[in-house]
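One structure is given here, and the rest of the page talks about it.
All heavy atoms count here, side chains included; hydrogens, waters and symmetry mates do not. Values in this document were obtained by computation on a predicted structure and should not be read as measured data. Counting starts at 1 for both ligands and their atoms, following the listed order.
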Amino acid sequence: MTLKGKKILLGLTGGVAAYKAAELARGLVKAGADVRVAMTKSATKFITPTTLQALTGQEVWTDLWDKRVPDAMGHIELSRDRDLIIVAPASANFMAKVAQGLADDLLSSLVLARRCPLLLAPAMNVEMWQSAATQRNAKTLAADGVLLAGPAAGDQACGETGMGRMLEPGQIVALVESGFQPKPLAGRKVLVTAGPTEEAIDPVRVITNSSSGKMGYAVARAAREAGASVMLVSGPVALAAPEGVKRVSVRSAAQMFDAVKANLNGCSVFISVAAVADFRPKQASKQKIKKGERQSMMLEMERNPDILAWVAAQKKAPFCVGFAAESENLARNAKEKRKKKGIPLLAANLAQEALGSDDNAITLYDDRGAHALGRGPKLEQARKLVAHVVSMLKKQEKR
Ligand code: CTP
(Lines give C-alpha, C1' and ligand atoms only; values in the text may rest on other atoms or scores of the structure.)
Protein backbone atom coordinates (compact mmCIF):
# COMPACT_ATOMS: atom_id res chain seq x y z
CA MET A 1 0.00 0.00 0.00
CA THR A 2 2.60 2.50 -1.17
CA LEU A 3 0.02 5.26 -1.75
CA LYS A 4 -1.93 4.79 1.48
CA GLY A 5 -3.46 8.06 2.63
CA LYS A 6 -2.58 9.90 -0.61
CA LYS A 7 -5.42 11.89 -2.14
CA ILE A 8 -5.32 11.98 -5.92
CA LEU A 9 -7.52 13.70 -8.46
CA LEU A 10 -7.49 11.72 -11.68
CA GLY A 11 -8.56 13.73 -14.73
CA LEU A 12 -9.50 12.19 -18.07
CA THR A 13 -9.61 14.07 -21.34
CA GLY A 14 -10.88 12.89 -24.73
CA GLY A 15 -8.71 10.26 -26.38
CA VAL A 16 -8.74 6.55 -27.19
CA ALA A 17 -6.24 6.01 -24.37
CA ALA A 18 -9.06 6.87 -21.94
CA TYR A 19 -9.69 3.12 -21.72
CA LYS A 20 -6.28 2.77 -20.06
CA ALA A 21 -7.35 5.28 -17.41
CA ALA A 22 -9.69 2.65 -15.99
CA GLU A 23 -6.72 0.42 -15.26
CA LEU A 24 -4.79 3.41 -13.93
CA ALA A 25 -7.63 4.25 -11.52
CA ARG A 26 -7.65 0.63 -10.39
CA GLY A 27 -3.86 0.58 -9.92
CA LEU A 28 -3.94 3.76 -7.83
CA VAL A 29 -6.78 2.45 -5.66
CA LYS A 30 -4.98 -0.86 -5.24
CA ALA A 31 -1.86 1.00 -4.07
CA GLY A 32 -4.00 2.57 -1.33
CA ALA A 33 -4.79 6.01 -2.83
CA ASP A 34 -8.05 7.89 -2.43
CA VAL A 35 -8.95 8.56 -6.08
CA ARG A 36 -11.45 11.22 -7.14
CA VAL A 37 -12.18 11.34 -10.87
CA ALA A 38 -13.05 14.33 -13.06
CA MET A 39 -13.74 13.87 -16.76
CA THR A 40 -14.09 16.29 -19.66
CA LYS A 41 -17.16 15.99 -21.89
CA SER A 42 -15.03 14.41 -24.63
CA ALA A 43 -13.63 11.84 -22.21
CA THR A 44 -17.17 10.61 -21.50
CA LYS A 45 -17.51 9.78 -25.23
CA PHE A 46 -14.72 7.21 -24.82
CA ILE A 47 -15.44 5.73 -21.39
CA THR A 48 -18.41 6.13 -19.05
CA PRO A 49 -18.28 7.81 -15.64
CA THR A 50 -20.00 4.69 -14.28
CA THR A 51 -16.90 2.60 -14.99
CA LEU A 52 -14.66 5.02 -13.11
CA GLN A 53 -17.19 5.32 -10.30
CA ALA A 54 -17.26 1.55 -9.87
CA LEU A 55 -13.46 1.31 -9.88
CA THR A 56 -12.84 4.15 -7.41
CA GLY A 57 -15.95 3.76 -5.26
CA GLN A 58 -16.50 7.52 -5.54
CA GLU A 59 -18.78 9.85 -7.45
CA VAL A 60 -17.33 11.07 -10.73
CA TRP A 61 -17.33 14.77 -11.69
CA THR A 62 -17.88 16.12 -15.19
CA ASP A 63 -19.62 19.48 -14.90
CA LEU A 64 -18.40 22.88 -13.77
CA TRP A 65 -21.95 23.74 -12.66
CA ASP A 66 -22.54 20.52 -10.74
CA LYS A 67 -25.25 21.04 -8.09
CA ARG A 68 -23.59 18.58 -5.73
CA VAL A 69 -20.97 21.15 -4.73
CA PRO A 70 -22.41 24.14 -2.82
CA ASP A 71 -21.83 27.75 -3.99
CA ALA A 72 -20.80 26.66 -7.49
CA MET A 73 -17.26 26.33 -6.13
CA GLY A 74 -16.63 22.87 -7.54
CA HIS A 75 -13.61 24.04 -9.50
CA ILE A 76 -11.87 24.89 -6.24
CA GLU A 77 -13.33 22.45 -3.71
CA LEU A 78 -12.70 19.28 -5.67
CA SER A 79 -8.96 19.85 -5.89
CA ARG A 80 -8.31 21.58 -2.52
CA ASP A 81 -7.63 18.50 -0.41
CA ARG A 82 -5.68 16.66 -3.12
CA ASP A 83 -1.97 15.74 -2.89
CA LEU A 84 -1.64 15.30 -6.65
CA ILE A 85 -3.58 15.81 -9.87
CA ILE A 86 -2.94 13.33 -12.69
CA VAL A 87 -4.43 13.94 -16.11
CA ALA A 88 -4.30 10.73 -18.15
CA PRO A 89 -4.83 10.77 -21.01
CA ALA A 90 -3.90 14.40 -21.55
CA SER A 91 -4.91 15.40 -25.09
CA ALA A 92 -3.02 17.94 -27.21
CA ASN A 93 -5.93 20.32 -26.72
CA PHE A 94 -5.80 19.93 -22.94
CA MET A 95 -2.03 20.51 -22.86
CA ALA A 96 -2.55 23.69 -24.87
CA LYS A 97 -5.22 24.88 -22.45
CA VAL A 98 -3.08 24.25 -19.37
CA ALA A 99 -0.06 25.90 -21.00
CA GLN A 100 -2.21 29.00 -21.64
CA GLY A 101 -4.00 28.95 -18.29
CA LEU A 102 -7.44 28.48 -19.86
CA ALA A 103 -10.23 27.26 -17.57
CA ASP A 104 -13.41 26.75 -19.57
CA ASP A 105 -14.57 23.44 -18.08
CA LEU A 106 -14.39 21.60 -14.77
CA LEU A 107 -11.10 19.77 -15.29
CA SER A 108 -9.14 22.73 -16.68
CA SER A 109 -10.54 24.90 -13.84
CA LEU A 110 -9.48 22.34 -11.22
CA VAL A 111 -6.01 22.26 -12.75
CA LEU A 112 -5.68 26.04 -12.79
CA ALA A 113 -6.93 26.38 -9.19
CA ARG A 114 -4.68 23.62 -7.82
CA ARG A 115 -2.22 23.92 -4.94
CA CYS A 116 -0.69 20.47 -5.49
CA PRO A 117 1.67 19.08 -8.17
CA LEU A 118 0.26 18.24 -11.60
CA LEU A 119 1.29 15.24 -13.68
CA LEU A 120 0.17 14.98 -17.31
CA ALA A 121 0.35 11.75 -19.32
CA PRO A 122 0.05 12.96 -22.93
CA ALA A 123 -1.66 10.71 -25.49
CA MET A 124 -2.17 11.75 -29.08
CA ASN A 125 -1.39 11.06 -32.70
CA VAL A 126 2.31 11.25 -33.57
CA GLU A 127 1.91 14.29 -35.83
CA MET A 128 -0.05 16.13 -33.15
CA TRP A 129 2.70 15.39 -30.62
CA GLN A 130 5.47 16.46 -32.97
CA SER A 131 3.73 19.65 -34.09
CA ALA A 132 5.56 22.84 -33.25
CA ALA A 133 2.63 24.03 -31.15
CA THR A 134 2.47 20.93 -28.93
CA GLN A 135 6.25 20.88 -28.50
CA ARG A 136 6.13 24.56 -27.51
CA ASN A 137 3.34 23.80 -25.03
CA ALA A 138 5.28 20.86 -23.57
CA LYS A 139 8.27 23.17 -22.96
CA THR A 140 6.05 25.81 -21.35
CA LEU A 141 4.44 23.19 -19.10
CA ALA A 142 7.81 21.79 -18.02
CA ALA A 143 9.06 25.33 -17.27
CA ASP A 144 5.92 25.88 -15.16
CA GLY A 145 6.83 22.83 -13.08
CA VAL A 146 4.24 20.49 -14.58
CA LEU A 147 5.44 16.89 -14.67
CA LEU A 148 5.13 15.29 -18.09
CA ALA A 149 5.05 11.48 -18.05
CA GLY A 150 5.66 10.20 -21.56
CA PRO A 151 4.42 9.87 -24.20
CA ALA A 152 6.02 6.64 -25.37
CA ALA A 153 6.67 5.47 -28.91
CA GLY A 154 4.80 2.58 -30.52
CA ASP A 155 1.73 1.56 -32.50
CA GLN A 156 -1.14 4.01 -32.32
CA ALA A 157 -4.89 3.51 -32.47
CA CYS A 158 -5.00 5.60 -35.67
CA GLY A 159 -2.81 3.03 -37.41
CA GLU A 160 0.33 5.16 -37.40
CA THR A 161 3.49 4.43 -35.44
CA GLY A 162 5.58 6.85 -33.40
CA MET A 163 5.68 9.04 -30.31
CA GLY A 164 2.32 9.78 -28.76
CA ARG A 165 1.19 6.63 -26.95
CA MET A 166 0.16 7.13 -23.36
CA LEU A 167 2.45 5.43 -20.83
CA GLU A 168 1.09 2.14 -19.53
CA PRO A 169 -0.97 2.44 -16.33
CA GLY A 170 1.63 0.46 -14.36
CA GLN A 171 4.37 2.90 -15.41
CA ILE A 172 2.28 5.87 -14.28
CA VAL A 173 1.52 4.24 -10.92
CA ALA A 174 5.27 3.58 -10.48
CA LEU A 175 6.07 7.24 -11.22
CA VAL A 176 3.48 8.39 -8.70
CA GLU A 177 4.83 6.01 -6.06
CA SER A 178 8.36 7.28 -6.67
CA GLY A 179 7.24 10.90 -6.45
CA PHE A 180 5.76 10.38 -2.98
CA GLN A 181 8.89 8.79 -1.47
CA PRO A 182 10.74 10.98 1.07
CA LYS A 183 13.80 12.83 -0.34
CA PRO A 184 16.58 12.49 2.27
CA LEU A 185 19.25 12.23 -0.46
CA ALA A 186 18.33 15.47 -2.23
CA GLY A 187 21.48 17.28 -3.34
CA ARG A 188 23.60 14.12 -3.11
CA LYS A 189 25.27 12.18 -5.88
CA VAL A 190 24.98 8.39 -5.81
CA LEU A 191 26.92 6.04 -8.08
CA VAL A 192 25.55 2.54 -8.65
CA THR A 193 26.99 -0.37 -10.63
CA ALA A 194 24.66 -3.10 -11.89
CA GLY A 195 24.40 -6.15 -14.08
CA PRO A 196 27.13 -8.59 -15.12
CA THR A 197 30.35 -7.85 -16.97
CA GLU A 198 31.41 -9.66 -20.14
CA GLU A 199 35.04 -10.59 -20.64
CA ALA A 200 35.94 -11.28 -24.25
CA ILE A 201 37.52 -14.58 -25.25
CA ASP A 202 37.31 -13.68 -28.94
CA PRO A 203 35.05 -11.39 -31.00
CA VAL A 204 31.98 -13.61 -30.50
CA ARG A 205 32.55 -15.34 -27.15
CA VAL A 206 32.58 -14.02 -23.62
CA ILE A 207 32.89 -15.15 -20.02
CA THR A 208 30.22 -13.63 -17.84
CA ASN A 209 28.32 -13.89 -14.55
CA SER A 210 24.62 -14.66 -14.25
CA SER A 211 22.95 -11.37 -13.38
CA SER A 212 19.72 -9.82 -14.64
CA GLY A 213 20.62 -6.38 -13.27
CA LYS A 214 17.21 -6.15 -11.56
CA MET A 215 18.61 -5.58 -8.07
CA GLY A 216 21.07 -2.91 -9.20
CA TYR A 217 18.42 -1.11 -11.23
CA ALA A 218 16.04 -1.24 -8.26
CA VAL A 219 18.77 0.29 -6.07
CA ALA A 220 19.35 3.06 -8.64
CA ARG A 221 15.62 3.75 -8.75
CA ALA A 222 15.32 3.79 -4.95
CA ALA A 223 18.24 6.22 -4.66
CA ARG A 224 16.64 8.46 -7.30
CA GLU A 225 13.31 8.29 -5.49
CA ALA A 226 15.14 9.41 -2.35
CA GLY A 227 16.11 12.57 -4.22
CA ALA A 228 19.70 11.74 -5.21
CA SER A 229 21.26 12.52 -8.55
CA VAL A 230 22.02 8.96 -9.68
CA MET A 231 24.60 7.67 -12.14
CA LEU A 232 24.18 4.01 -13.08
CA VAL A 233 27.13 2.17 -14.58
CA SER A 234 25.57 -0.89 -16.12
CA GLY A 235 26.85 -4.09 -17.68
CA PRO A 236 24.83 -5.65 -20.53
CA VAL A 237 21.23 -6.21 -19.36
CA ALA A 238 17.79 -6.03 -20.96
CA LEU A 239 16.37 -3.31 -18.70
CA ALA A 240 15.34 0.29 -19.28
CA ALA A 241 17.11 2.91 -17.16
CA PRO A 242 14.88 4.03 -14.27
CA GLU A 243 13.20 7.42 -14.74
CA GLY A 244 15.60 10.29 -14.02
CA VAL A 245 18.67 8.06 -13.72
CA LYS A 246 21.72 8.69 -15.95
CA ARG A 247 23.17 5.50 -17.33
CA VAL A 248 26.58 4.61 -18.77
CA SER A 249 26.58 1.23 -20.50
CA VAL A 250 29.73 -0.89 -20.36
CA ARG A 251 30.68 -4.47 -21.19
CA SER A 252 33.90 -5.51 -19.43
CA ALA A 253 35.10 -5.06 -15.85
CA ALA A 254 37.89 -2.82 -17.16
CA GLN A 255 35.32 -0.55 -18.85
CA MET A 256 33.21 -0.56 -15.68
CA PHE A 257 36.28 0.43 -13.66
CA ASP A 258 37.02 3.32 -16.04
CA ALA A 259 33.39 4.52 -15.95
CA VAL A 260 33.35 4.38 -12.13
CA LYS A 261 36.61 6.36 -11.89
CA ALA A 262 35.28 8.95 -14.35
CA ASN A 263 32.07 9.47 -12.36
CA LEU A 264 33.29 9.23 -8.77
CA ASN A 265 33.98 12.91 -8.26
CA GLY A 266 31.59 14.48 -5.75
CA CYS A 267 29.84 11.18 -4.94
CA SER A 268 28.50 10.73 -1.41
CA VAL A 269 27.52 7.10 -1.87
CA PHE A 270 28.82 4.23 -4.02
CA ILE A 271 26.64 1.13 -4.21
CA SER A 272 28.37 -1.72 -5.98
CA VAL A 273 25.67 -4.17 -7.05
CA ALA A 274 27.33 -5.38 -10.27
CA ALA A 275 28.35 -9.00 -10.58
CA VAL A 276 31.84 -8.16 -11.80
CA ALA A 277 33.82 -11.01 -13.35
CA ASP A 278 36.77 -11.68 -11.05
CA PHE A 279 38.92 -12.93 -13.94
CA ARG A 280 39.29 -12.19 -17.65
CA PRO A 281 41.02 -14.11 -20.44
CA LYS A 282 44.64 -12.98 -20.40
CA GLN A 283 44.63 -12.48 -24.13
CA ALA A 284 41.41 -12.00 -26.06
CA SER A 285 41.87 -13.44 -29.53
CA LYS A 286 41.41 -10.85 -32.29
CA GLN A 287 39.89 -13.47 -34.56
CA LYS A 288 37.24 -16.07 -33.81
CA ILE A 289 38.92 -19.13 -32.31
CA LYS A 290 38.38 -22.22 -34.49
CA LYS A 291 37.72 -25.47 -32.68
CA GLY A 292 39.57 -27.49 -35.36
CA GLU A 293 40.20 -31.07 -34.32
CA ARG A 294 40.95 -30.42 -30.63
CA GLN A 295 38.82 -31.99 -27.88
CA SER A 296 39.70 -29.53 -25.12
CA MET A 297 41.28 -26.14 -24.72
CA MET A 298 42.95 -24.09 -22.01
CA LEU A 299 42.15 -20.51 -21.32
CA GLU A 300 44.60 -18.51 -19.25
CA MET A 301 42.84 -15.96 -17.03
CA GLU A 302 44.07 -12.96 -15.08
CA ARG A 303 42.51 -11.03 -12.19
CA ASN A 304 40.28 -8.07 -12.87
CA PRO A 305 40.65 -5.00 -10.65
CA ASP A 306 38.38 -5.04 -7.59
CA ILE A 307 36.38 -1.87 -8.28
CA LEU A 308 34.67 -1.69 -4.89
CA ALA A 309 37.86 -2.27 -2.90
CA TRP A 310 39.62 0.41 -4.98
CA VAL A 311 36.87 2.98 -4.38
CA ALA A 312 36.75 2.16 -0.64
CA ALA A 313 40.51 2.69 -0.37
CA GLN A 314 40.45 6.21 -1.83
CA LYS A 315 41.34 9.09 0.48
CA LYS A 316 38.00 10.82 0.03
CA ALA A 317 36.02 7.62 -0.44
CA PRO A 318 32.23 7.91 -0.60
CA PHE A 319 30.08 5.81 1.72
CA CYS A 320 30.57 2.36 0.14
CA VAL A 321 28.02 -0.44 -0.03
CA GLY A 322 28.96 -3.89 -1.33
CA PHE A 323 26.79 -6.78 -2.41
CA ALA A 324 27.51 -10.44 -1.89
CA ALA A 325 25.66 -13.29 -3.51
CA GLU A 326 26.68 -16.41 -1.66
CA SER A 327 25.62 -20.02 -2.12
CA GLU A 328 26.31 -21.05 1.49
CA ASN A 329 27.52 -19.77 4.89
CA LEU A 330 25.91 -16.39 4.25
CA ALA A 331 26.66 -14.74 7.60
CA ARG A 332 30.29 -15.83 7.86
CA ASN A 333 31.15 -14.98 4.25
CA ALA A 334 29.34 -11.64 4.43
CA LYS A 335 31.12 -10.52 7.58
CA GLU A 336 34.50 -11.52 6.16
CA LYS A 337 33.78 -9.78 2.85
CA ARG A 338 32.79 -6.54 4.57
CA LYS A 339 36.08 -6.48 6.48
CA LYS A 340 38.20 -7.51 3.52
CA LYS A 341 36.77 -4.81 1.27
CA GLY A 342 37.01 -2.16 4.02
CA ILE A 343 33.40 -1.04 3.61
CA PRO A 344 30.83 0.09 6.22
CA LEU A 345 27.87 -1.80 4.76
CA LEU A 346 27.39 -5.06 2.89
CA ALA A 347 24.13 -6.43 1.53
CA ALA A 348 24.15 -10.21 1.29
CA ASN A 349 21.76 -12.75 -0.13
CA LEU A 350 21.73 -16.35 -1.20
CA ALA A 351 22.28 -16.41 -4.97
CA GLN A 352 19.77 -19.22 -5.47
CA GLU A 353 17.04 -17.08 -3.84
CA ALA A 354 17.56 -13.99 -5.97
CA LEU A 355 18.96 -14.82 -9.41
CA GLY A 356 16.64 -13.55 -12.14
CA SER A 357 13.75 -13.29 -9.66
CA ASP A 358 11.75 -10.15 -8.91
CA ASP A 359 12.05 -10.92 -5.20
CA ASN A 360 15.01 -11.06 -2.88
CA ALA A 361 15.78 -11.68 0.80
CA ILE A 362 18.67 -9.43 1.76
CA THR A 363 20.49 -9.23 5.07
CA LEU A 364 22.51 -6.09 5.77
CA TYR A 365 25.78 -6.31 7.68
CA ASP A 366 27.25 -3.23 9.33
CA ASP A 367 29.34 -2.43 12.43
CA ARG A 368 26.35 -3.20 14.64
CA GLY A 369 25.71 -6.65 13.20
CA ALA A 370 23.10 -8.21 10.91
CA HIS A 371 19.75 -6.73 9.86
CA ALA A 372 17.43 -9.01 7.89
CA LEU A 373 15.15 -7.15 5.49
CA GLY A 374 12.73 -10.05 5.11
CA ARG A 375 11.65 -11.40 1.75
CA GLY A 376 10.02 -9.09 -0.80
CA PRO A 377 10.16 -7.39 -4.20
CA LYS A 378 13.63 -6.12 -5.14
CA LEU A 379 12.38 -2.52 -5.26
CA GLU A 380 11.07 -2.78 -1.70
CA GLN A 381 14.38 -4.27 -0.55
CA ALA A 382 16.25 -1.52 -2.40
CA ARG A 383 14.19 1.17 -0.64
CA LYS A 384 14.98 -0.40 2.74
CA LEU A 385 18.66 -0.54 1.83
CA VAL A 386 18.66 3.14 0.82
CA ALA A 387 16.86 4.06 4.06
CA HIS A 388 19.58 2.17 6.00
CA VAL A 389 22.31 4.02 4.09
CA VAL A 390 20.61 7.34 4.90
CA SER A 391 20.48 6.57 8.61
CA MET A 392 24.15 5.48 8.66
CA LEU A 393 25.17 8.63 6.74
CA LYS A 394 23.32 10.80 9.24
CA LYS A 395 25.07 9.12 12.18
CA GLN A 396 28.44 9.45 10.47
CA GLU A 397 27.92 13.14 9.84
CA LYS A 398 26.88 13.81 13.45
CA ARG A 399 30.24 12.57 14.67
N1 CTP B 1 33.22 -6.26 -6.98
C2 CTP B 1 33.88 -5.25 -7.65
N3 CTP B 1 34.88 -5.56 -8.52
C4 CTP B 1 35.25 -6.83 -8.73
C5 CTP B 1 34.58 -7.86 -8.05
C6 CTP B 1 33.56 -7.53 -7.18
O7 CTP B 1 33.53 -4.08 -7.48
N8 CTP B 1 36.23 -7.10 -9.56
C9 CTP B 1 32.16 -5.91 -6.00
C10 CTP B 1 30.77 -6.36 -6.38
O11 CTP B 1 30.07 -5.37 -7.10
C12 CTP B 1 30.14 -6.63 -5.04
C13 CTP B 1 31.29 -7.16 -4.21
O14 CTP B 1 32.44 -6.59 -4.80
O15 CTP B 1 29.69 -5.46 -4.41
C16 CTP B 1 31.37 -8.65 -4.28
O17 CTP B 1 32.50 -9.07 -3.67
P18 CTP B 1 33.44 -10.25 -4.22
O19 CTP B 1 34.33 -10.62 -3.12
O20 CTP B 1 34.13 -9.92 -5.46
O21 CTP B 1 32.36 -11.30 -4.55
P22 CTP B 1 32.64 -12.66 -5.21
O23 CTP B 1 33.25 -12.51 -6.56
O24 CTP B 1 31.38 -13.41 -5.12
O25 CTP B 1 33.78 -13.14 -4.21
P26 CTP B 1 34.24 -14.58 -3.79
O27 CTP B 1 34.71 -15.20 -5.04
O28 CTP B 1 35.31 -14.29 -2.81
O29 CTP B 1 33.02 -15.17 -3.17
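In this structure, Lys261 satisfies the cation-pi test against Trp310, with its NZ or CZ atom closer than 6.0 Å to the six-membered ring centre and inside 45 degrees of the ring normal.
Minimum interatomic distance between Ser79 and Ile85 (heavy atoms only, all atoms of both residues): CB-CD1, 4.1 Å. In terms of heavy-atom proximity, Arg247 sits nearest to Ser234 at CD-CB, 4.0 Å.
Residues lining ligand 1 at a heavy-atom distance below 4.0 Å are given as Ser272, Ala274, Val276, Asp278, Pro305, Asp306, Ile307, Leu308, Gly322, Phe323, Lys337, Lys341, ordered by chain and residue number.
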Practice item. Output, in order, the C-alpha distance, side-chain angles, deciding distance and verdict of side chain to side chain donor-acceptor pair (under 3.5 Å) for Glu326 and Asn333. Key: CA-CA 8 Å; Glu326 304 292 340; Asn333 286 336; 3.2 Å; yes
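Glu397 CD: more than 12 foreign heavy atoms inside a 6.0 Å radius.
Classification of the His388-His371 ring pair by plane angle, with boundaries at 30° and 60°, yields tilted.
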